[in-house]
Amino acid sequence: MQYWLMKSEPDEVSIDDVMASPNRTTAWFGVRNYQARNFMRDAMRDGDGVLFYHSSCAQPGIAGLARIVGQPYPDASQFDPASHYFDPKATPEQPRWISIDVQGTHKTRLLPLAELRSIPELADMVLLQKGSRLSITPVTPDQWRYIEALLTGAA
DNA sequence: GCCAACGTTGGC
DNA sequence: GCCAACGTTGGC
């Protein structure tokens, strides 16, 4: 069991959008960074925990909890010339980019980035390191437990 | 809108 | 393989 933080622009897909989806599940597509892709392809497992993060918005921060569902599969948008995420170098025989399904479990209060930065126990989060921009970053079990308890009141 | 930081591309 | 130029991310 591993844990991840996944960034989404709420204008594109917000925690409310995820919770309103069938089965509260949505395809995570449009990742166009190799390091983030490799996490999806090589490390994510069915059931992994996800911190759902709102980025590039007025109130950046963690907005909910989710989990990984199933296995990765080719991202359909890479083959679609009309898509913003079209990649002319990708073919169905040799896909470059992948999707994975994410199921919302809780919408939480917004845990703002500034508050995350103020918590000593979370100082080592990859998200908070200088220059960190990756849209998918690993979260340690300790970091997960701390944030889960903070947001859900769970022990 | 600004800009720092990082990633990708492509000529050589 | 180097590296300059360019593009993107994302907080502020």
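Every chain is numbered from 1, with letters handed out A, B, ... down the list of sequences.
Taking 4.0 Å as the cut-off between side-chain N and carboxylate O, Arg45(A) and Asp48(A) do not count as a salt-bridged pair.
OP1 and OP2 of dT9(C) both lie 4.0 Å or more from every side-chain N or O belonging to Lys7(A). Using a 4.0 Å cut-off, some side-chain N or O of Tyr53(A) falls inside it from OP1 or OP2 of dG11(C).
Applying the side-chain hydrogen bond (donor to acceptor under 3.5 Å, both in side chains) test to every pair with at least one member in residues 57-74 of chain A, sequence neighbours left out, gives these pairs: Arg67(A)-Gln103(A), Tyr73(A)-Asp101(A).
Here dG10(C) presents its P atom at 14 Å from CD1 of Ile62(A), a figure rounded to the nearest Å. In this entry the distance linking CZ of Arg117(A) with C1' of dC12(C) reads 11 Å, nearest Å. Atom CG of Leu113(A) and atom C1' of dC12(C) are 10 Å apart (whole Å). Atom CG in Leu127(A) sits roughly 16 Å away from atom P in dT9(C) (whole-Å rounding). Between His54(A) atom NE2 and dG10(C) atom C1' the separation is 15 Å, expressed in whole Å. As rounded to whole Å, 14 Å separates atom P of dT9(C) from atom CG of Asp11(A). A straight line from CG of Leu128(A) to P of dG11(C) spans 11 Å, rounded to a whole angstrom. Leu116(A) places its CG atom 11 Å from the P atom of dC12(C), with the value rounded to the nearest Å.
For Thr26(A), the side chain to side chain contact (heavy atoms under 4.5 Å, CB included) criterion is met by Val18(A), Ser21(A), not counting sequence neighbours. With sequence neighbours left out, Arg32(A) forms a salt bridge (charged side-chain N to carboxylate O under 4.0 Å, His left out) with Asp75(A). In this structure Tyr85(A) satisfies the ring pair (Phe, Tyr, Trp, His ring centres under 6.0 Å) test together with Phe29(A), sequence neighbours excluded. Partners of Phe39(A) according to the ring pair (Phe, Tyr, Trp, His ring centres under 6.0 Å) rule, which considers only residues two or more places apart in sequence or in another chain, are Trp4(A). Applying the salt bridge (charged side-chain N to carboxylate O under 4.0 Å, His left out) test to Arg133(A) and every residue at least two apart in sequence or in another chain returns nothing.
Inspection of the Asp80(A) and Ser77(A) side chains reveals no N or O donor paired with an N or O acceptor under 3.5 Å.
Through direct or indirect side-chain contacts shorter than 4.5 Å among Ile, Leu, Val, Met, Phe, Trp and Tyr, Trp97(A) is connected to Tyr34(A).
Of the residues in residues 75-99 of chain A, none lies under 4.0 Å from DNA chain B by heavy-atom distance.
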What pairs of nitrogen or oxygen atoms, one from the protein and one from nucleotides 2-8 of chain C, lie under 3.5 Å apart?
residue, atom, partner, partner atom, Å
dT8(C), O2, Arg133(A), NH1, 2.7

